[in-house]
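For reference, the structure discussed in these notes is given below.
Computed from a prediction, not measured in an experiment: that's the story for all the values here.
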Amino acid sequence: MIRTAIPADIPVIHALIRELAEYEKAPQEARATQEQLREALFGERPAAFAHLAVDDATGQAVGFALWFLNFSTWRGVHGIHLEDLYVRPSARGGGHGRALLTELARICVERGYGRLEWSVLDWNRPAIGFYEALGARPQDGWTVYRLTDGALAALGSGH
């Protein structure tokens with residue numbers, strides 16, 4: 001079962017994010033607090049959204065998708081940027097990841113959004129195979145750039 005996250009889900013979403021960071025070999029980079037997640041997902045002006053995959057038999061959350069809107073200047077419509085998709089290893093192969101992506105694709109179609117996109121680590125062959133089996137294709141010729149920490153502060157302060 002896939003359902004929209006509610007405020008009471010913040011602890012489990014936080015735990016799943018930590019598990020994802022461990023899986024991606026970067027636990028030190030997952031610094032988001034539960035309070036930050038609560039504000040981003042359920043604050044006065046939510047900037048992100050989440051769905052949970054819940055095991056039908058146990059009722060326990062086994063995965064999540066956290067996403068936000070983007071905008072295509074070329075298409076003139078919004079899209080969804082999937083920031084994180086994670087299913088616990090013990091629940092993989094049960095259709096939870098596909099169900100989460102199906103829900104996001106349904107939202108795109110229902111709302112007239114033009115894209116559903118995300119990034120995947122180039123070493124994550126199981127995820128790449130899964131995504132390609134669904135019909136997703138890599139965007140060759142694009143490289144992701146990021147400003148963080150000191151470089152972001154320096155540029156933002158005009159230095």
Using a 4.5 Å cut-off on heavy atoms from C-beta on, say whether the side chain of [Y] contacts that of [X].
X	Y	answer
Leu101	Leu82	yes
Glu29	Thr148	no
Asp9	Arg3	yes
Leu116	Trp118	yes
Arg111	His78	no
Val87	Phe130	no
Ile17	His14	no

Atom of [X], atom of [Y] and distance for their closest heavy-atom approach:
X	Y	answer
Leu104	Ala65	CD1-CB, 4.2 Å
Pro11	Ala8	CD-O, 3.4 Å
Glu132	Pro138	OE2-CD, 3.8 Å
Ser119	Val144	OG-CG2, 4.3 Å
Ala91	His96	O-CD2, 3.3 Å
Ala32	Gln36	CA-OE1, 3.2 Å

Cluster question for you: counting only ILVMFWY and a side-chain heavy-atom cut-off of under 4.5 Å, with indirect links fine, are [X] and [Y] together?
X	Y	answer
Phe64	Leu134	no
Leu20	Val12	yes
Phe68	Phe71	no
Ile13	Met1	yes
Leu152	Leu155	yes

Item to check | side-chain contact (heavy atoms from CB on, under 4.5 Å) evaluation trace for Asn70 with Glu117 | outcome: CA-CA 9 Å; Asn70 58 20; Glu117 57 190 10; 3.1 Å; yes
Next on the checklist: Tell me whether Glu103 is salt-bridged to Arg106, with the criterion being a basic N under 4.0 Å from an acidic carboxylate O.
Outcome noted: yes
Checklist entry - Between the side chain of Glu24 and the main-chain N/O of Glu22, is any donor-acceptor distance below 3.5 Å? => result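 Between the backbone of Glu22 and the side chain of Glu24 there is no qualifying donor-acceptor contact (under 3.5 Å).
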Please round to the nearest 0.5 Å and tell me the distance separating atom [atom1] of [X] and atom [atom2] of [Y].
X	Y	atom1	atom2	value
Ile10	Gln34	CD1	CD	7.5 Å
Leu37	Leu66	CG	CG	7.5 Å
Leu16	Arg88	CG	CZ	4.5 Å
Ile2	Arg98	CD1	CZ	12.0 Å
Phe49	Ile80	CZ	CD1	9.0 Å

Next on the checklist: If you count heavy atoms of other groups shown closer than 6.0 angstrom to CH2 of Trp142, is the number above 12?
Outcome noted: no
Item to check | side-chain contact (heavy atoms from CB on, under 4.5 Å), paired with Trp67, selected from His81, Glu83, His51 | outcome: His51
Next on the checklist: side-chain contact (heavy atoms from CB on, under 4.5 Å) for Tyr23 and Asn124? Distances and angles first, verdict last.
Outcome noted: CA-CA 10 Å; Tyr23 176 77; Asn124 195 344; 3.3 Å; yes
